Amino acid sequence: MSSKPKLFLHNHPVSSYAQKVRIALREKGIDFDYTTPKGLGSGHGAPTLDPINPRVEVPALEDGNFKIFDSTVILAYIEDKYPEKPLLPKNPQARATARMIEDVCDNEYEAVNWTYAEIAWAERATGEHAQRLIAGVKQQTAEIQAWLSEKLGEQQYFCGDEFSYADVCVAPMLNRSVNYGFGPVEGSPLQLWHARIKERPSVKATFEEMEEGAKVMSKGMKAMFTEGPNKRQYRSHRLEMMVKLGGIDVVIEGLKRDNIRFGWPSADL
């Protein structure tokens, strides 16, 4: 009797997008292997990832000979292939709410968290300039958390009484804020939600991986990117957030130093 090939995830422990996928796979009880590709994020290529994802980003998933990338696409695929324990609710309005929450988290919330790392970890700005940018990060974080709090209301989870797709999507983004010290107000429904979900085995394992990875990244990003030979990728939503918060000179300086880059398709300028 032949068995299904084990899924293989191209991963990074700190990537919020990869965390989404790991939580979903674990929540659904799907066996998988994973590793961080060599060269990931350097701007100089990642040999095992290049043929799978032209963006050279994680997560990317291999299911035998079938290969896909993008966390939203991957979550949709595993929902379709492994329907036994669905994460998306059946109610059309709840499904739409879950997808809307995912979109906000993937675009706005991730970009805010990413901007903080560029300033606090990579030290692309210092002194008063850094303080202004971090103040902007805190303000944006508070606005997004207020919106999420409204969507959560008094429910146990974002789509009702059961942990589901929306919770998977919020979990890594909100936890990153908590890691930075910008978590929800103590005792608020959103803070209690975070305390509740982080005890789930799928989330607990993923958060522990993130915290270990963050210890390394927070100490190494300045040497890797701001001072080193690597090029940090400024995707569209992240670039917009940096500029919106007053960091246009961070972008200009990075271009001068040739230590930032933009995504695929590449331009030969």
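Treat the numbers as computed from the prediction; the structure is a model and nothing was measured.
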Any chance you could measure [X], atom [atom1], to [Y], atom [atom2], to the nearest 0.5 Å?
{"X": "Met242", "Y": "His237", "atom1": "CE", "atom2": "NE2", "value": "12.0 Å"}
{"X": "Tyr82", "Y": "Leu25", "atom1": "OH", "atom2": "CG", "value": "8.5 Å"}
{"X": "Ser16", "Y": "Asn175", "atom1": "OG", "atom2": "CG", "value": "8.5 Å"}
{"X": "Gln155", "Y": "Asp167", "atom1": "CD", "atom2": "CG", "value": "9.0 Å"}
{"X": "Ile23", "Y": "Lys204", "atom1": "CD1", "atom2": "NZ", "value": "13.5 Å"}

Could you walk me through whether Arg232 and Asn259 satisfy the side chain to side chain donor-acceptor pair (under 3.5 Å) test, starting with their C-alpha distance in whole Å, then the side-chain angles of each, then the deciding distance to 0.1 Å, before giving a yes or no? CA-CA 6 Å; Arg232 182 85 155 147; Asn259 61 19; over 6 Å; no
Salt bridge flag under 4.0 Å for residues [X] and [Y]:
{"X": "Glu212", "Y": "Lys215", "value": "yes"}
{"X": "Glu110", "Y": "Arg176", "value": "no"}
{"X": "Arg124", "Y": "Glu253", "value": "no"}
{"X": "Glu209", "Y": "Arg26", "value": "yes"}

Please determine whether side chain to side chain contact (heavy atoms under 4.5 Å, CB included) holds for the pair Met210 and Glu208, giving the CA-CA distance in whole Å, both sets of side-chain angles, and the decisive distance to 0.1 Å. CA-CA 5 Å; Met210 182 271 173; Glu208 287 174 352; over 6 Å; no
For [X] and [Y], which heavy atoms make the closest approach, and how far apart are they?
{"X": "Val203", "Y": "Ile197", "result": "CB-O, 3.2 Å"}
{"X": "His129", "Y": "Val250", "result": "CE1-CG2, 4.0 Å"}
{"X": "Lys20", "Y": "Asp106", "result": "NZ-OD2, 2.9 Å"}
{"X": "Pro51", "Y": "Pro47", "result": "CD-O, 3.2 Å"}

Treat each ILVMFWY residue as a node, draw an edge where side-chain heavy atoms are under 4.5 Å apart, and state whether [X] and [Y] are in one component.
{"X": "Leu75", "Y": "Phe66", "value": "yes"}
{"X": "Met224", "Y": "Val58", "value": "no"}
{"X": "Tyr17", "Y": "Phe69", "value": "no"}

Indicate the ring-plane relationship of Tyr234 and Phe262, choosing parallel, tilted or perpendicular according to the 30° and 60° boundaries. perpendicular
State whether the side chain of His44 and the backbone N or O of Pro229 hold a donor-acceptor pair below 3.5 Å, judged by distance alone. yes
Exam field: side chain Gln156 to backbone Glu162, donor-acceptor pair closer than 3.5 Å: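 The answer is no, because no donor-acceptor pair under 3.5 Å joins these two groups.
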Is Arg200 close enough and on-axis enough to Phe163, meaning under 6.0 Å and within 45°, for cation-pi?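 Relative to the ring axis of Phe163, which defines the angle, Arg200 lies inside both limits.
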Are Trp121 and Tyr180 an aromatic pair by the rule of ring centers under 6.0 Å?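 Judged by ring-centre distance (under 6.0 Å), Trp121 and Tyr180 do meet the cut-off.
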Please find out if less than 6.0 Å separates the ring center of Phe158 from that of Tyr165.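 They do not qualify: ring centres at least 6.0 Å apart.
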